[in-house]
Each structure stands twice: as structure tokens, then as C-alpha cells.
Amino acid sequence: MKQYLDLCHRIVNEGEWVSNERTGKRCLTVINADLTYDVSKGEFPLVTTRKSFWKSAIAEIIGYLRGYDNAADFRALGTKTWDANANQNEVWLNNPYRKGEDDMGLCYGAIGRHFPKPDGGHIDLLKQIVDDLTRGVDNRGEILTFYHPGAFHMACLRPCLYSHHFSLLGDTLYLNSTQRSCDVPLGLNFNMVQVYVLLAIIAQITGKKAGQAFHKIVNAHIYEDQLELMRDVQLKREPYPLPTLKINPEIKTLKDIETWVTMDDFEVEDYQFHDPIAYPFSV
Ligand SMILES: Nc1nc(=O)c2c([nH]1)NC[C@@H]1CN(c3ccc(C(=O)N[C@@H](CCC(=O)O)C(=O)O)cc3)CN21
Ligand SMILES: O=c1ccn([C@H]2C[C@H](O)[C@@H](COP(=O)(O)O)O2)c(=O)[nH]1
């Protein structure tokens, strides 16, 4: 929580105003932030200075792992977070590749589970990584990437948290995740949870111990219409101790994640939080 609050303070105190063409808004921006979550110690990085909708965050990452490309599938799993990007952005609504209501196009898991090969066919990056880690192999390139510049014109948004690199030291699994662009009041609230859960759940299904997750953020920003709420409300509050996350130990394989896992397989214990804050969302 301290890392999150430090980043928020840094943006408020040292950020520079940058105008953004896609949203038409200005953002107070800093470049580069490195956050670490010690999954081995159960340091679940859930924001306590406002109510955080952690089930929504976990539903997003499970949807990415399943290769979802449709906001309706995300809703069925428990999150409405893709509704606006799939259905409200004028540029995407007029894109000839959009397959209709709720389509998100070729992004996130739709790329990572089905990465197009220049010589034809596709690669399931996640399955390869899970298979390698399960047999104790780290080939120094166990990278789940959602980033495919050749597909950007076929998607509603470019992936933000776009790369997850897994590493083994003995039987301990580590994760380095990289994020190119970060809406700190709204997105990061979710992205911290996602990086933690990704390491915890991949360690669980590959039979490894979870170590640390390292989360690199490049462009970290607060939109102009969020600044007052962050500076004068959220940053005035005292954080509570961190809660803990419990994942159903019956989740044992990638197939389990793909087939029967729901948000009921995740529980957060001892979560104390301040009142919710409804931050404006930019589509
Ligand atoms: N501008 C922007 N910021 C983002 O963080 C973001 C995008 N766009 N587009 C793609 C995804 C969608 N994400 C989202 C979308 C909505 C919320 C949101 O409205 N959160 C509320 C309520 C969540 C709920 O009730 O489930 C919150 O208070 O956290 C959060 C992340 C993260 N990403
Ligand atoms: O997981 C996510 C997804 C998106 N965001 C934020 C970061 C930006 O504010 C927007 C994306 O806009 P771009 O113009 O494509 O950078 O969404 C996030 O923080 N986390």
C-alpha cells in the first residue's frame, strides 16, 4: 500500500502535464515506477484507502488467461470493465474489424493464447510456459506477451499490462510484469492485484513456490478529472493493514482455469477499507 501511495504522491508533487490525443484529456504524468509484491509472504497489494473491487480485477486476469476477446465473456466471469472500450469508443465502433456488440478485437489473451506466426499458424504462449515450468524448465524466455503491433489496428485498445516474464530459481517462481501505460487511480488498483494473482496461480498450477512479483510501469498518470479526488480525498486517508488472499487449492491445472474456475474460488480475508471513490473513467 505504501508503494502505491508513494507513487500517487510522486505524480501529484512531481508529475508533468501531458495532453493525450486518444482521450482528449490531459494527464499528470511521471515516467518509470517499480513495485514489488512478495507473494511468498502473502503481501496481497489491495488498496485500502478506498473500497477496491478485487473480484473484478481477478475476473479480468482470468479472462486474459482464457483468451477472451469479448466484453460479454468478461461480464459473465464477473467484471464490466471492458464494456466501455468495446462499445463506447467512436473510433472502435467505426473500425471495420469490429465483429459487433461487445467485441474487443485482437488483444490481450486473444493474442497471447493464439500468437500469430509469420510462417503460418499460431502459438499458445501460456500453455508452453505452463508446460515448461511444470517440468522444472526455465528457458530464460518464459514470456507471456500480449503485445503485437501488427494487430493494434484490429483491437479496441492496445494492451497496457502487456508482458509477463516467469523465472525459476530452484523450485521458486518469480514474475516480472511490464506495463506501458497506467491509469493510477483506476487501472493500477486492479493491475497490482492481477500481477500478484498471476504469480500465485501459475505457481500453484505448476507445483512451484511463489517468490516475488516485480511490476514495472513506464507511463504512470492521473487524468485531469481524477486529480482532485486523488489529492484531496484518497491521499488524505490513513491506510489499513493489508488483507490476505486465499485461492482454492483444488485449482491444479491450466485446464481448471480454462473450464470451471469462478470468482468464488478466490477469497479476501480481513479486508478493511475506506469508502468507495467513483473516479471518472476515460474511454
Ligand atoms: N482509462 C482507462 N483506465 C483503465 O484503467 C482501463 C481502461 N481505460 N481501459 C481498459 C481497462 C479497463 N479497466 C478498468 C475499467 C473500469 C474500472 C472501474 O470502473 N473501476 C471502478 C469500479 C469497478 C467495479 O465496480 O467493478 C473502481 O472504482 O475501481 C477499472 C478498470 C482497466 N483499464
Ligand atoms: O490494465 C489496464 C488497462 C488500461 N489502463 C489504462 C492506461 C491508460 O489510461 C488507458 C489506455 O490508454 P492508452 O491510450 O492506450 O495508453 O487505460 C490501465 O491502467 N490498466
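One-based numbering, in listed order, for ligands and for the atoms of each.
Contacts of C160 with ligand 2, taken as heavy-atom pairs under 4.0 Å, involve the side chain alone. At a 4.0 Å heavy-atom cut-off, ligand 2 does not touch Q194 at all.
In summary, the side chains of H165 and E142 do not present any donor paired with an acceptor at a separation below 3.5 Å, with no hydrogens or angles considered. No side-chain donor from either of Y196 and E43 sits under 3.5 Å from a side-chain acceptor of the other. Side chains of T79 and S56: a donor-acceptor N/O pair is present below 3.5 angstrom, by distance only. There is a side-chain donor-acceptor pair under 3.5 Å between K216 and N32. With 3.5 Å as the limit, one finds a donor-acceptor pair spanning the side chains of N87 and R98. Counting only N and O atoms by type, the side chains of D256 and T253 include a donor and acceptor under 3.5 Å apart. In the model, H221 has a side-chain atom that pairs as donor or acceptor with a side-chain atom of N219 under 3.5 Å. For the residue pair N191 and Q194, a side-chain donor N or O sits within less than 3.5 Å of a side-chain acceptor on the partner.
We find that R113 and E258 are joined by a salt bridge, their nearest charged nitrogen and carboxylate oxygen being less than 4.0 Å apart. Comment: R26 engages E224 in a salt bridge, judged by a side-chain N to carboxylate O separation of less than 4.0 angstrom. The pair D83-R75 counts as a salt bridge, with a side-chain nitrogen and a carboxylate oxygen less than 4.0 angstrom apart.
Among protein heavy atoms, the minimum distance from atom 19 (O) of ligand 2 is reached at D183 N, 2.8 Å. Counting protein heavy atoms only, atom 7 (C) of ligand 2 is closest to S181 OG, 3.4 Å.
For ligand 2, the atoms sitting less than 4.0 Å from at least one non-hydrogen atom of R180 are 13 (P), 15 (O), 16 (O), numbered in the order shown with element in parentheses. Remark: ligand 2 atoms within the under-4.0 Å shell around heavy atoms of N191 are 1 (O), 2 (C), 18 (C), 19 (O), 20 (N). Less than 4.0 angstrom separates some heavy atom of Y108 from each of these atoms of ligand 2: 1 (O), 3 (C). Within the listing of ligand 2, atoms 18 (C), 19 (O), 20 (N) sit less than 4.0 angstrom from a heavy atom of Q179. Each of the following atoms of ligand 2 lies closer than 4.0 Å to a heavy atom of Y223: 8 (C), 9 (O), 10 (C).
Under the 4.0 angstrom criterion for non-hydrogen atoms, W82 is not in contact with ligand 2. The closest approach between any non-hydrogen atom of F190 and ligand 2 is not below 4.0 Å.
For ligand 2, the polar-atom distance check against R22 finds a nitrogen or oxygen pair separated by under 3.5 Å. Geometrically, ligand 2 and E60 share no nitrogen or oxygen pair separated by less than 3.5 Å.
Under a 3.5 Å cut-off, the side chain of N95 and the backbone N or O of H153 do form a donor-acceptor pair.
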I'd like the atom pairs linking ligand 1 to the protein - N or O on both sides, separation under 3.5 Å - with distances to 0.1 Å.
| from | atom 1 | to | atom 2 | distance (Å) |
| --- | --- | --- | --- | --- |
| ligand 1 | 1 (N) | D183 | OD2 | 3.4 |
| ligand 1 | 1 (N) | S282 | O | 2.9 |
| ligand 1 | 3 (N) | D183 | OD2 | 2.7 |
| ligand 1 | 5 (O) | G187 | N | 3.2 |
| ligand 1 | 9 (N) | N85 | OD1 | 2.7 |
| ligand 1 | 26 (O) | S56 | OG | 2.8 |
| ligand 1 | 28 (O) | R50 | NH1 | 2.8 |
| ligand 1 | 29 (O) | R50 | NH2 | 3.2 |

